[in-house]
Amino acid sequence: MNTTSISAIDPACGMTVDPGNSRRSEHEGKSYFFCSAGCKTKFEVDPAGTLASRAEKDAAKKPTAMKESSCCCSGKDGGSSATKSDSPADPEAIYTCPMHPEIEQVGPGDCPICGMDLEPKVVALADEGEDKQYSDMKRRFWVGVALSVPLLIIAMGPMVGLRVADWMSQTVFGWLQLALATPVVFWCGWPLLVRGAKSFRTMKLNMFSLIAVGTLAAYLFSLVVVLLPGVIPEAFFENGVPPLYFEAAAVIITLVLLGQVLELRARQQTGGAIRELMKLAPDTAHRITGDGEEEVSLDSVHKGDRLRVRPGEKVPVDGKVLSGSSSVDESMLTGEPMPVKKVEGDEITGGTLNQTGALVMEAVGVGGDTVLNRIVQMVADAQRSRAPIQKLVDVVARYFVPAVIVCSILAFIGWAVFGPEPQLAHAFVAAVAVLIIACPCALGLATPMSVMVGVGRGAKEGVLIKNAEVLEVMEKVDTIVVDKTGTLTKGRPEVTGVETFGDWNENDVLTLAAAVEAQSEHPLAQAVVRRAKADELQVVEASEFNSITGGGVRARVDDHDVLIGKADLLDEQGIEGVDAGREQAGSHQAEGATVVFVAINNKLAAILAITDPIKESTPVALKTLHELGLKVVMLTGDAEPTAKAVATKLGIDEFHAGVSPEEKHDFVRKLKKEGKTVAMCGDGINDAPALAEANVGIAMGTGTGVAIESAGVTLVGGDLRGVAAAANLSRKTMSNIRQNLFFAFIYNALGIPVAAGLLYPVFGVLLSPMIAAAAMSFSSVSVIANALRLRAAKLT
C-alpha cells in the first residue's frame, strides 16, 4: 500500500493542501500552493515576508505529528486535519455548522444562517465525555423543568379542579408566575433568544426567529398584565380578568431545550465511529537513536525515524520494515482475521497490531500522512458534507420562516376580526401557536442527521464515503465496472507453472528471469522474484536493464541477453520459437493464468504461468451485487483467454480484455452516454482516470493513494463485499432522508392550519402554544430517532 499522498503546505496559513486541487503561484522559480484566493493574494503581495513569517511560526512550534494547522479562511476552500490532539477546547480548532458546512470559523460560536451551535470539524479523542455545549444545554433544560413544572401546575391547575388562584390575590398570583417564568425565559432560554435576535439583525430568519418572537410575545404580554393591568383591552379578558401566558413561554423554552439536548446527544453519538478509529493509534513509540532506545510521544515521531515495535504492540505510524519478521494483525484495516507475515522491505500500517516478533521499522507516513489519519479525515469531511437533496430544503427554508410570520399575523387579524369573544385573547393564542408549531428545526435536521449517522455506520463496516453527494449518486448506480487484479483477485500473483524449451531447465530460467524482474515494480515481475526466493535460488544482479514500451523488459545477466514479455513483443523482437510457446500457453490461459514469455539469447527459453488467486469473498460479493439488481462489467489489461476464464468462473455479466487505462476511461464514459449510472471499482494508478470519470469511483483501500484520492468511496479492507455494503448504505440512507423530510414537511403542512384555528369551527378546538411547542419538539425527536436507526442497519 502506498502510505503517502502528494501534498504541499500553504505558506500563508500553514494548511496542508493538495497541489492538484489548489491555487498556485510562482516565486523565484518555485511553485507554491494555496487553499484559497485570499491566501494566494496575501502571498503575492509580499512573498518574502509571508515565507519568513511561516518559517518563524514553524520554528516556534513544538513538533506535532498529529496536528495540522487550521486554515485561516472559511468556506469550501478551507479545511482541517483529523487529528488525535484536536479538542473542542482547543481555541485554534476549526468549528463548523452541522446544517451549513460552508460556515467555518476558529473557535466555538453559532451559525449566522440557522443559529445552531457550531461544533468542531474533527471529533476529539481526548474528550469522550459530555462536551461543554451539551452539558450547558442540559443544565439549562433541567433548571427549566424544575421551574416550569410548578408554574404549569399553578397556571393550569383550574383545568383539573386545582384552583391555586383562590388561595391568593390575583396580584400575588401574577407575581408568583412572573418569578418562576423569568429565569426560564431569560437564563434557560438565553442562547435561543440571542440566536433569534441575531437572525433579525442579519435578516437570515430561522427557527430561532420564531421561537424568540413567540416566547417573548407571550412573556411580555403577561409582564404588562402584572405591572400595568389597566392598559390591557377588555377584548383580551377571560372570565373578567386579563390572561397570563407565563406558563406558555416557560414551557415552550423548556421543550425547545429538550429538542436541543437530544439533538446534541445524537450528534455526539455519531462521532463514535471516528473515535473508534482514532483509538487504534498508540500514544507512544520506541525510537532508536545513536544513544540507544527512547520512548517518545507519537507527536514527536518524524519521517525517517527508526522505530522498534515489540510483540503485542500497535504499529505507531506507517512505514517500512528494516529488520525482523513478525505476523501483523491488519484486521482493523482489511477486515481479514488472519495475520499477515511481515519481513524486511514490507510496508506496515500505523494502528495495526504486531503479534509474534520484534520489528525495526522506518517511519514513512506520520501525522496527517498516515493511512489511519486519512481515513479519519475522510469520515469527518463526509459527515459534514451536504447531499444535493439538501438544496431543496434550503430553498424551502429561505421562504418558510417569513411565510410563517405572515401566517401568524394573518391568524391574529382573522381571529381579532371574526373570532368569538374574547377576540384578542383568541387571536394572540393562535398567532403564538402558529409561530411555535411551524419552527422548522425538524426540516433542518432531516438531511444532515441521516448523513452523519449513515457515514459513521459505513465507516464501521470499512466503507468510507467521501461526501454526501456520493451517497445520493450511489443509490442510482445500475452498473458496476470492476478491475480484475487487486479487485476481484488478491493482487499478489504467484508463479504456478514453468514450461521450458530447448536445453534450459526450470531453475536456470527462473534465476535469470528473477535477476531481470528484480529491477521492475510490476506485480507479475515481483511474482517471479518471490518464486525464485521460495525455491532458494541465487539471484544475481542484471545490467543494461531496459523497460520496453509494449509490455516487456530486457537486460543482460551473466553474458546472457534476457527478454521477458508478451508473445507479440517477442515476435516484434525476432525471437525464435514463439509459436511453440503460444500453443503451450493456451491451456494455462484457459485456467485463468497470465502467461509471460522468457527469451534467452534470442530464443524462447520458457513460458511462466502466473496466477492471481481470486479473493475468497469475491463470489459472495458478486452474488449480492446481482441480487441488488446491479450489472457487473470486468475491465482488465490481461489477455482474452485469462479474462474469459475468470469472468466465466465468477459469473460476470460482461468483460473486456486487453484494456488500457485510457480505454477504461473511455469505456466508462461510453456507458454514461448510454444513460447508465456507473460505479467504477479499482485499486491501481491505471484505474485512476476511470475512477474519476465514473459517477461514483470506488477504490480498494489496499490500493494506491492515487486511486483512493480519485474515488468517492474507499473500501478499507479492499473487499468487494464493500461495494454491496456501499450500495445498501446509500439506499438506506437516502430512504431515511426521504422519511425525515416527509415527517418534517407533513408535520408543518398540517400543524400550521391547526394552530391557526382550522379545527375551531368544527370541534371548538384552539391549539395552545404549549401543545404546539410539544408537537414541534416531537417532530425533531422523531427525525433524530429515525436517523439513529441507521446505526443498526444491516449492510451485508
Side-chain angles (χ1 to χ4, degrees), residues 1-4 318-322 325 328 330 334 336 340-349 362 364 483-498 506-543 545-555 557 562-566 569 588 592-599 605-615 636-639 642 646 661 682-687 700-707 718:
M1 186 190 304
N2 191 353
T3 58
T4 60
D318 295 355
K320 184 172 68 174
V321 177
L322 297 177
S325 65
V328 177
E330 296 187 335
T334 66
E336 295 294 332
V340 179
K341 184 75 173 176
K342 296 290 182 181
V343 296
E344 182 181 340
D346 286 346
E347 292 179 344
I348 193 166
T349 306
E362 177 187 355
V364 175
D483 177 44
K484 180 177 76 72
T485 304
T487 302
L488 300 176
T489 63
K490 291 183 178 179
R492 189 179 172 86
E494 303 167 357
V495 176
T496 53
V498 180
E506 181 176 313
N507 285 348
D508 288 342
V509 169
L510 282 173
T511 299
L512 295 174
V516 176
E517 297 286 33
Q519 300 190 41
S520 172
E521 294 296 327
H522 194 282
L524 297 183
Q526 295 304 304
V528 175
V529 175
R530 284 195 297 271
R531 172 61 183 269
K533 287 183 178 179
D535 291 351
E536 298 182 350
L537 301 177
Q538 185 66 38
V539 179
V540 299
E541 189 171 344
S543 60
F545 177 84
N546 181 36
S547 178
I548 302 172
T549 304
V553 291
R554 192 169 208 153
V557 185
V562 183
L563 173 64
I564 305 173
K566 298 178 180 179
L569 174 67
H588 294 289
T594 298
V595 178
V596 174
F597 289 68
V598 180
I607 60 171
L608 308 180
I610 303 177
T611 304
D612 189 3
I614 293 171
K615 293 178 182 177
T636 178
D638 222 331
T642 303
V646 172
D683 74 329
I685 292 176
N686 62 330
D687 297 319
M700 295 296 175
T702 50
T704 66
V706 174

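None of the values given here were measured: they were computed from a predicted structure. The basis for the numbers below is simple: all heavy atoms, side chains too, and nothing from hydrogens, waters or symmetry mates.
Distance check, rounded to the nearest 0.5 Å: CG of N546 to CZ of R554 gives 8.5 Å. If you take CG on D612 and OG1 on T642, they are separated by 11.0 Å, rounding to the nearest 0.5 Å.
In terms of heavy atoms, L569 sits closest to L563 at CD2-CD1, 4.4 Å. Shown here for K342 and V321, the closest heavy-atom pair between the two residues is CB-CG2, 4.4 Å. Looking at every heavy atom in both residues, I610 comes nearest to A527 through CG2-CB, 4.1 Å. Across all their heavy atoms, A532 and V539 have their closest contact at CB-CG2, 4.0 Å. The nearest pair of heavy atoms linking V529 to A514 is CG2-O, 3.9 Å. Taking every heavy atom of both residues into account, Q519 and F545 meet most closely at OE1-CB, 3.3 Å.
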Give the C-alpha distance, both sets of side-chain angles, the deciding distance and a yes or no for salt bridge (charged side-chain N to carboxylate O under 4.0 Å, His left out) between R530 and E517.
CA-CA 10 Å; R530 284 195 297 271; E517 297 286 33; over 6 Å; no
Carefully, step by step, assess D535 and L510 under the rule side chain to side chain contact (heavy atoms under 4.5 Å, CB included).
CA-CA 9 Å; D535 291 351; L510 282 173; 3.7 Å; yes
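Using a 4.5 Å cut-off on side-chain heavy atoms (C-beta onward), L608 and V595 make no contact. Residues L524 and T594 are in side-chain contact: their nearest non-hydrogen atoms beyond the backbone lie under 4.5 Å apart. Inter-residue side-chain proximity for K320 and D346 is flagged as unmet; no heavy-atom pair is nearer than 4.5 Å. Using a 4.5 Å heavy-atom threshold, the side chains of E344 and S325 count as separate. Contact check for V516 versus V557: side-chain heavy atoms found under the 4.5 Å cut-off.
Within 6.0 Å of atom CD in E506, more than 12 heavy atoms from other residues, nucleotides or ligands are found, so the atom counts as buried in its surroundings.
Looking only at distances, a side-chain donor or acceptor of T496 sits under 3.5 Å from a matching main-chain atom of A609. A donor-acceptor contact shorter than 3.5 Å links the side chain of T489 to the backbone of K484. The main-chain N or O of D318 is never found under 3.5 Å from a side-chain atom of T349 such that the two would form a donor-acceptor pair.
The side chain to side chain contact (heavy atoms under 4.5 Å, CB included) test with V596 singles out one residue from I607, V528, V495, I564, and that residue is I564.
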